[in-house]
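Notes follow once the structure below has been shown.
The figures here come from the full heavy-atom set of this structure, side chains too, leaving out hydrogens, waters and symmetry mates. Here the structure is a predicted model, which means the values were calculated and not measured. Just so it is clear: chains get the letters A, B, ... in the order the sequence lines come, proteins before strands, and each one is counted from 1.
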There are 4 protein chains.
Amino acid sequence: MPSKKRPAAKRRLRADAARNRAKILAVAEALLAEQGPSLSTEEVARRAEVGVGTVFRHFPTKENLLVTVIQSRLERLTAQADAIAELPEDSALFAFFAAVIEHTASTPVVLHALTAAGIDSADVQRAAMSEFMAALERLVRRAQDAAVVRKDITVAEVFDLLVALVHVAELRGRGSRSAQIALRVVLDGLGVRGASS
Amino acid sequence: MPSKKRPAAKRRLRADAARNRAKILAVAEALLAEQGPSLSTEEVARRAEVGVGTVFRHFPTKENLLVTVIQSRLERLTAQADAIAELPEDSALFAFFAAVIEHTASTPVVLHALTAAGIDSADVQRAAMSEFMAALERLVRRAQDAAVVRKDITVAEVFDLLVALVHVAELRGRGSRSAQIALRVVLDGLGVRGASS
Amino acid sequence: MPSKKRPAAKRRLRADAARNRAKILAVAEALLAEQGPSLSTEEVARRAEVGVGTVFRHFPTKENLLVTVIQSRLERLTAQADAIAELPEDSALFAFFAAVIEHTASTPVVLHALTAAGIDSADVQRAAMSEFMAALERLVRRAQDAAVVRKDITVAEVFDLLVALVHVAELRGRGSRSAQIALRVVLDGLGVRGASS
Amino acid sequence: MPSKKRPAAKRRLRADAARNRAKILAVAEALLAEQGPSLSTEEVARRAEVGVGTVFRHFPTKENLLVTVIQSRLERLTAQADAIAELPEDSALFAFFAAVIEHTASTPVVLHALTAAGIDSADVQRAAMSEFMAALERLVRRAQDAAVVRKDITVAEVFDLLVALVHVAELRGRGSRSAQIALRVVLDGLGVRGASS
DNA sequence: TATGAATGAGGTTTCATTCAT
DNA sequence: AATGAATGAAACCTCATTCAT
């Protein structure tokens with residue numbers, strides 16, 4: 001049944017349309033990191049070399065655009081977590097933390113902003129989010145089983161610590177001494193001493 | 001003839017004016033926590049039950065209002081740090097962290113936002129900030145001298161961790177298990193084991 | 001019958017009240033020249049070293065303040081015209097033009113602005129205006145009788161030319177060559193050749 | 001992809017956009033004459049039957065709108081001066097004065113206001129202005145060469161007199177006897193007797 | 001009376017979103 | 001599908017005027 005008129009959900013895009021969509025998403029991600037969630041739609045369009053109309057054709061709402069950016073980032077992180085799972089237990093979690101901090105921009109700021117604005121982004125990205133949490137959980141569980149991470153802590157809490165570290169990295173610069181020390185302190189606190197030895 | 005010669009900066013406010021100023025500041029602090037720095041001046045006025053004009057009479061600019069909020073918060077924190085200094089070394093830092101987390105709203109988010117917006121809030125609040133850092137430094141130094149905190153860490157880095165913890169507390173709720181665990185993990189990581197035993 | 005409660009029109013002012021009124025008027029005149037009719041009431045108060053409230057006690061409206069300024073200026077000009085009437089016919093008009101140009105600031109701009117704003121300033125100052133016109137008329141009539149000014153022109157029209165010259169003087173500076181040449185050209189055109197010889 | 005590479009300054013406007021721009025400009029010119037430079041952008045939009053946003057899309061600033069109005073008027077006047085240059089020397093200047101007075105609204109008031117407001121409109125319109133002055137200079141020079149205008153006067157000064165006449169015309173009405181007499185007097189004063197004989 | 005704090009309508013400007021081309 | 005002009009609500013801020021002190 002080759003798509004006749006799919007309900008507007010996920011119809012295959014024309015090549016150039018797909019290219020536009022991707023470029024807009026990339027630009028939005030960059031701007032989000034630069035300016036926070038008050039970035040302007042017009043500037044997204046300008047930098048993506050596209051008319052505003054095109055942005056709104058792909059993402060019916062500014063909010064929808066931001067949510068999509070976050071979603072795609074979560075998906076990439078999930079992939080990374082899975083790729084990392086092959087390392088030995090005592091360094092996998094460390095490596096993952098480092099990777100996330102390295103590549104993730106202001107997710108938490110965005111989350112906060114969306115939450116505060118009373119936006120119900122939950123539905124849209126619950127799926128992406130829970131896949132990410134599952135991947136993280138596999139890492140944590142394995143580390144706890146290997147006794148390199150304390151057992152009185154849940155994935156959700158590990159996630160929060162990760163978010164906090166991203167925040168520091170963002171504030172002080174991704175490679176800064178401050179960011180590295182913060183990472184070390186948190187890992188020590190988690191009981192992942194193997195990583196620092 | 002308007003008063004003697006107004007002392008250039010802050011002649012005594014009339015009773016009602018002072019009340020208004022305080023109320024505006026309080027409302028702004030609350031809104032800042034709720035909505036981040038994109039709060040609307042108009043709403044501040046509405047919630048403070050005051051005309052917009054009054055807000056602008058007291059704080060000539062939205063930026064000035066936000067900066068003042070942050071400043072007053074820093075001052076309160078500094079006072080707390082000093083009050084806490086009498087506790088034994090091994091619990092003072094712990095107590096201070098807990099107190100800050102308990103009472104501080106989104107300062108870091110605001111700081112970040114201001115910075116990102118290219119706002120030169122630096123001058124205005126450098127004073128308040130450095131007093132706070134001094135107070136924090138006294139606590140840290142004392143804890144390090146008593147060998148309850150690792151020596152390879154500076155005040156600035158402790159500050160960043162504190163900011164990260166505030167962030168978690170804000171995200172999950174001030175009394176939440178997540179916030180408490182995060183605090184515990186960080187303190188353990190800092191080497192403040194006395195506090196958790 | 002020593003004033004019991006005069007209808008709020010012209011009761012004798014207390015000494016300091018009178019001083020305030022005068023100072024406000026003077027300041028307003030200066031500001032009017034500097035900034036045109038969009039001057040701010042607050043600044044009038046500030047420069048007069050008085051509270052805004054005081055300004056509004058003396059002049060119930062900004063409009064009223066401006067109208068009063070103009071009125072007082074017209075009165076001064078009238079006095080000058082009368083003082084000058086003693087000079088010989090062939091130089092009196094010339095001298096008067098020069099005096100007016102020298103001392104009068106943006107009256108016409110104000111008039112225009114008031115008119116345009118649909119303000120009925122007519123009533124308030126018709127008296128002052130007609131006295132001024134009468135004085136001017138005496139000068140013109142005398143010059144025409146002495147055959148030093150062309151007879152096909154009315155006072156009203158001479159007035160308009162005077163206003164135009166004030167305008168130039170204001171635009172280019174009161175002592176500027178441009179202002180002087182304009183005065184010379186107009187006087188020559190009026191037939192007042194005696195003045196330039 | 002937005003067009004080829006937009007010529008940096010003034011790519012061709014869409015038909016309706018051009019119509020809007022023109023209408024806004026016309027309305028602004030009228031309002032400027034009616035109310036002076038304190039006209040409200042909002043009213044411009046209302047009378048042009050356009051949203052405020054549209055006004056600001058075409059003219060990013062109120063100042064920019066006013067400056068553009070003046071510029072376009074200067075351009076029209078320059079064209080007129082050139083068209084008139086074919087008349088005999090002794091009537092060309094007269095005709096030009098008459099034409100300017102007939103068609104020009106409050107330019108001088110605006111210029112004054114802009115200047116007073118400290119607006120640096122200079123750059124923007126220096127070009128338009130100097131072209132106009134050049135056209136006027138050609139007329140004056142020719143009249144002086146033909147000995148119908150006094151030689152002790154510069155173009156700049158002739159310009160000021162012209163401005164003064166426009167002022168009178170505006171105050172009393174374009175066709176009024178007062179405006180005509182003023183014109184006659186000034187021309188006589190300039191030595192352009194040919195025009196009045 | 002004098003003061004200056006308070007008020008709120010109104011002005012300029014931005015920006016998410018819609019719609020004609 | 002893409003474009004960018006148009007829209008108008010809403011943001012920040014000013015200022016004439018009122019009113020409690």
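An OP1 or OP2 oxygen of F:dT7 is reached within less than 4.0 angstrom by a side-chain nitrogen or oxygen of D:T54. Between E:dA5 and B:N20, no contact under 4.0 Å exists linking OP1 or OP2 to a side-chain N or O.
Between C:T68 and C:R21, the closest side-chain pair of non-hydrogen atoms falls below 4.5 Å. For the pair B:L39 and B:K62, the minimum side-chain heavy-atom distance is below 4.5 Å. The shortest distance between side-chain heavy atoms of C:T41 and C:F56 falls below 4.5 Å.
Between the C1' atom of E:dT1 and the CZ atom of C:R19 lies a distance of 14 Å, rounded to the nearest Å. As rounded to whole Å, 17 Å separates atom P of E:dA2 from atom CZ of B:R14. Put simply, NZ on A:K23 is 19 Å from P on F:dA1, counting in whole angstrom units. Here F:dC15 presents its C1' atom at 15 Å from CG of C:L31, a figure rounded to the nearest Å. For A:F59 and E:dA16, the CZ to P distance is 15 Å, given to the nearest whole Å. Residue B:R57 contributes atom CZ, which lies 9 Å from atom P of E:dG4 at whole-angstrom precision. The distance between atom CD1 of A:I24 and atom P of F:dA2, rounded to the nearest whole Å, is 8 Å. Rounded to whole Å, the distance from NE2 on A:H58 to C1' on E:dA16 is 18 Å.
Residues D:L25 and D:V69 share a closest heavy-atom pair of CD1-CG2, 3.9 Å. Between A:R73 and A:L32, the shortest heavy-atom distance links the atoms NH2-CD2, 4.1 Å.
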Listing, residues 44-51 of chain B side-chain donor-acceptor contacts under 3.5 Å, not counting sequence neighbours, or none:
{"from": "B:R47", "atom 1": "NH1", "to": "B:E34", "atom 2": "OE2", "distance (Å)": "3.1"}
{"from": "B:R47", "atom 1": "NH2", "to": "B:E34", "atom 2": "OE1", "distance (Å)": "3.0"}
{"from": "B:R47", "atom 1": "NH2", "to": "B:E43", "atom 2": "OE2", "distance (Å)": "3.4"}
{"from": "B:E49", "atom 1": "OE1", "to": "B:K23", "atom 2": "NZ", "distance (Å)": "2.8"}

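In this structure A:E42 satisfies the salt bridge (charged side-chain N to carboxylate O under 4.0 Å, His left out) test with no other residue, sequence neighbours excluded. With sequence neighbours excluded, the residues forming a side chain to side chain contact (heavy atoms under 4.5 Å, CB included) with C:T61 are C:E63, C:N64, listed by chain and number. Partners of A:A17 under the side chain to side chain contact (heavy atoms under 4.5 Å, CB included) rule, at least two apart in sequence or in another chain, are A:L13, A:R14, A:H58.
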Let me have DNA chain E in dot-bracket notation, would you? Count Watson-Crick plus G-U wobble pairs, both distances under 3.5 Å, and use [ ] for pairs crossing earlier ones and | for inter-strand partners.
.||||||||||||||||||||
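Contacts of D:L65 with the nucleic acid, taken as non-hydrogen atoms under 4.0 Å apart, are absent.
Nearest-nucleotide mapping onto DNA chain F: of B:L39 and D:E49, the residue sitting toward the 5' end is D:E49. For D:S40 and B:A18, each mapped to the nucleotide of DNA chain E holding its nearest heavy atom, the one lying further toward the 5' end belongs to B:A18. Residues A:A17 and D:G51 both approach DNA chain F. Their nearest nucleotides, taken by heavy-atom distance, put A:A17 toward the 5′ side.
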Could you write out each protein N or O paired with an N or O of nucleotides 17-19 of chain F at a distance under 3.5 Å?
{"from": "F:dT17", "atom 1": "OP2", "to": "C:K62", "atom 2": "N", "distance (Å)": "2.9"}

